[in-house]
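Just so you know, ligand 1 is whichever comes first in the structure, and atom 1 is the first atom listed for that ligand.
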Amino acid sequence: MTDPSEASREAASQHFECVVMKFGGTSVEDAAAIRRLCQLVLRPSPHRPVVVVSALAKITDQLMNAGWSAAAGHLDSAREILQVLHRRHETVASGLSKGDERSPLFSEFANEFKVLDKMLLAIAAEKAFTPRSQDSLLGAGESLSSKLVQSALRSAGVDAALVDARKCIVTDAAHTRATPLWEETNQRLQAVLVPLLESGQVPVMGGFVGATRDGIPTTLGRGGSDFSASIVGAGVHAQRIEIWTDVDGIMTTDPNLCPDARRVPRMSFDEAADLAYFGAKVLHPATLVPAMRNDIPVWVLNSRNPDCAGTEIVACGEGDGVKAITSKCGVAIVDVEPVRWFASELLREVFDVFERHQHGLDLLSASRGSLALLVSSVSALPAVAEELKGMANVRWENHKALVCLVGEQVRRRPEIASQAFRALGDIDVRMICQGASERNISFLVDESRAVEAVQRLHRAFFSKSEPVVEQSASLAMCQAEGAW
Ligand code: ADP
Ligand code: ASP
Ligand code: MG
């Protein structure tokens, strides 16, 4: 019997080849940005585009502020935020279209903001901004931007069709960090997008959002539109996925920290996934998963500098030195010390307790006497400590940052670790985690010194006067697991 996904893959590829073009917040931030987007979609291409958009820059944060204000009983200021957002969308629309074209869009906006106002009233009445109501409120940013972009594309002569992402991306009910239910999502994406593409239309949909099987709105986590693009790309068997953003591609580090950061022309899926996992905001951490599974190349490109070649992310990267450096702040180190000794039951119990409190564990090392965990939020730790009382003592230290060097096989080259140590100099490195992966070396430093650590490492590995890797270094690797 033919595998149904194989059959649909064949069916899809027989008719057309497509590209998913995702535009982040800054790439849709105002009328000029949306005009650039239209130019990019209109560029001659052998692939039919599917457009995925984020909310306009900063809108999601502002919706979040409105929600929290309403929950805190400041309904007036919450409503003022909505008014500002409403005006901003109207201003952008006015900059993109003539009076008669814009009136349907204005009435769409009016309806949407009426619904948002009702949501704020409900949040204020409940005095709580629950994860579920966050997902309903925050998703409006993408709904508004997709309408704006569809209308702009139509004005530019593109036969753009609005697609409701909540009807296509089916997720579990883990509000604010939902995971797609792949089979249903792929089926729906095929059912909705393929006929549009076949008829020559350009589907436009909001990123970041999904809904449960029952239609309850969910979101994929902050920055999740990248993930949406990859989900859609996998669902329609795209030839490529393009992430259009505000930098020239994946850089050797965040250019906000090091203005001399350089573009990385090519990376492997694994390298880019590690970089995203360890904090590089340029990609949502889950972005590469669907692309990797379906072997679809991902390009990170600059919508303000579209002629720049960007970064190509493919199955096999090239080179084996350090490709990029990243840092992740807001990490806490948790020490779990057994009251008696470590037994496998205790390990299981520790994981269960963290799981019950929905506490993601970032990294782990174990020694004979204790277990060291890294977590990105301390909110549940008092409850975790209480549950483990009698079995283990739980202590934690906050305000740490994980600084990470990423590149194929960096661990196989001891000179890289020694060069990094020398660069970090007097910075107190509290824990060195090499994890299971050969592609990264991570250091735990005080949050207050994270920027300096990244800058020093960047200078050591990427400054033009220095070789990328010093071959002669002989310092021993001393990454004793759990030594902190
Ligand atoms: P978008 O709104 O397009 O999704 P984001 O703000 O989420 O864009 O991501 C782009 C930003 O990621 C850049 O402006 C840059 O500051 C940051 N960034 C962090 N690390 C890197 C890196 N290694 N390469 C490129 N950009 C990075
Ligand atoms: N608008 C959402 C956010 O700001 C999703 C995204 O931009 O990718 O988190
Ligand atoms: Mg982003």
TODO: Mind checking whether Thr253 contacts ligand 1 via backbone (N, CA, C, O), side chain (CB onward), both or neither, at a 4.0 Å heavy-atom cut-off?
DONE: backbone
Open item on the list: Does this structure show an ion pair linking Glu408 with Arg266, if we count only N-O contacts that are shorter than 4.0 Å?
Closed with: no
- [ ] Specify the protein heavy atom at minimum distance from atom 13 (C) of ligand 1: its residue, its atom name, and the distance to 0.1 Å.
- [x] Asp246 OD1, 3.5 Å
TODO: Look only at interatomic distance and state if Ser27 has a nitrogen or oxygen under 3.5 Å from any nitrogen or oxygen of ligand 1.
DONE: no
Please tabulate, line by line, the atom pairs linking an N/O of ligand 2 to a protein N/O at a distance below 3.5 Å, with the distance in Å to 0.1, or answer 'none'.
| from | atom 1 | to | atom 2 | distance (Å) |
| --- | --- | --- | --- | --- |
| ligand 2 | 1 (N) | Thr60 | OG1 | 2.7 |
| ligand 2 | 1 (N) | Glu142 | OE2 | 2.6 |
| ligand 2 | 4 (O) | Thr60 | OG1 | 3.2 |
| ligand 2 | 4 (O) | Arg222 | NH2 | 3.0 |
| ligand 2 | 7 (O) | Ser54 | OG | 3.2 |
| ligand 2 | 8 (O) | Gly223 | O | 3.4 |
| ligand 2 | 8 (O) | Gly224 | N | 3.4 |
| ligand 2 | 8 (O) | Ser225 | N | 3.0 |
| ligand 2 | 8 (O) | Ser225 | OG | 3.1 |
| ligand 2 | 9 (O) | Arg222 | NE | 2.7 |
| ligand 2 | 9 (O) | Arg222 | NH2 | 3.4 |
| ligand 2 | 9 (O) | Gly223 | N | 2.8 |

Task: Ala280-ligand 1 polar pair, N/O distance under 3.5 Å - done: no
Task: side chain to side chain donor-acceptor pair (under 3.5 Å) between Thr218 and Thr171, worked out - done: CA-CA 7 Å; Thr218 53; Thr171 72; 2.8 Å; yes
Open item on the list: Using the side chain to side chain contact (heavy atoms under 4.5 Å, CB included) definition, which of the options Ile231, Val209, Thr287 pairs with Leu220?
Closed with: Ile231
Task: Residue Arg132 excluded, over 12 heavy atoms near CZ under 6.0 Å - done: no
Open item on the list: If the threshold is 4.0 Å, N to carboxylate O, is there a salt bridge linking Lys323 and Asp270?
Closed with: no
Open item on the list: Among Thr245, Thr326, Ile325, which one puts a heavy atom closest to atom 8 (O) of ligand 1?
Closed with: Thr245
Open item on the list: Within this structure, what is the CG-CZ distance for the pair Asn302 and Arg263, rounded to the nearest 0.5 Å?
Closed with: 10.5 Å
TODO: Go through ligand 1 atom by atom and flag the ones less than 4.0 Å from a non-hydrogen atom of Ile250.
DONE: 24 (N)
Task: salt bridge (charged side-chain N to carboxylate O under 4.0 Å, His left out) partner of Glu438, chosen from Arg413, Arg411, Arg412 - done: Arg412
Task: Non-hydrogen atoms of His458 and Thr253 that approach each other most closely - done: CD2-CG2, 3.4 Å
Task: Protein heavy-atom partner closest to atom 17 (C) of ligand 1 - residue, atom, separation in Å - done: Asp254 OD1, 3.8 Å
Open item on the list: What's the separation between atom CZ in Arg449 and atom CZ in Arg456, rounded to the nearest 0.5 Å?
Closed with: 5.5 Å
Task: Heavy atom of the protein closest to atom 5 (P) of ligand 1 (residue, atom name, distance) - done: Lys281 NZ, 3.8 Å
Open item on the list: Would you say that more than 12 heavy atoms from the other residues, nucleotides or ligands in this model lie under 6.0 Å from the CG of Asn111, or not?
Closed with: yes
TODO: Could you see which bit of Asn256 sits under 4.0 Å from ligand 1, with heavy atoms only: side chain, backbone, both or neither?
DONE: side chain
Open item on the list: List ligand 1 atoms under 4.0 Å from Val247, heavy atoms only on the residue side.
Closed with: 13 (C), 14 (O), 25 (C), 26 (N)
Open item on the list: Starting from atom 23 (N) of ligand 1, what is the nearest protein heavy atom, named by residue and atom, and what distance separates them?
Closed with: Met251 O, 3.1 Å
- [ ] Specify the protein heavy atom at minimum distance from atom 2 (O) of ligand 1: its residue, its atom name, and the distance to 0.1 Å.
- [x] Gly25 N, 3.1 Å
Task: Interfacing atoms of ligand 1 (cut-off 4.0 Å, heavy-atom, Gly249) - done: 24 (N), 25 (C)
TODO: Determine the interplanar angle of the Phe227 and Trp182 rings, folded into 0 to 90°, and report it as parallel if under 30°, tilted if 30 to 60°, perpendicular if over 60°.
DONE: perpendicular
Task: For ligand 1, the portion of Lys22 having any non-hydrogen atom under 4.0 Å away - done: side chain
Task: Spacing of Leu137 atom CG and Thr60 atom OG1 [to the nearest 0.5 Å] - done: 10.0 Å
Open item on the list: Checking a contact table here: which protein heavy atom is nearest atom 12 (O) of ligand 1, and how many Å away?
Closed with: Val282 N, 3.4 Å
Open item on the list: Looking at Asp226 and Lys281, is there a salt bridge between them, counting it only when a charged N and a carboxylate O are closer than 4.0 Å?
Closed with: no
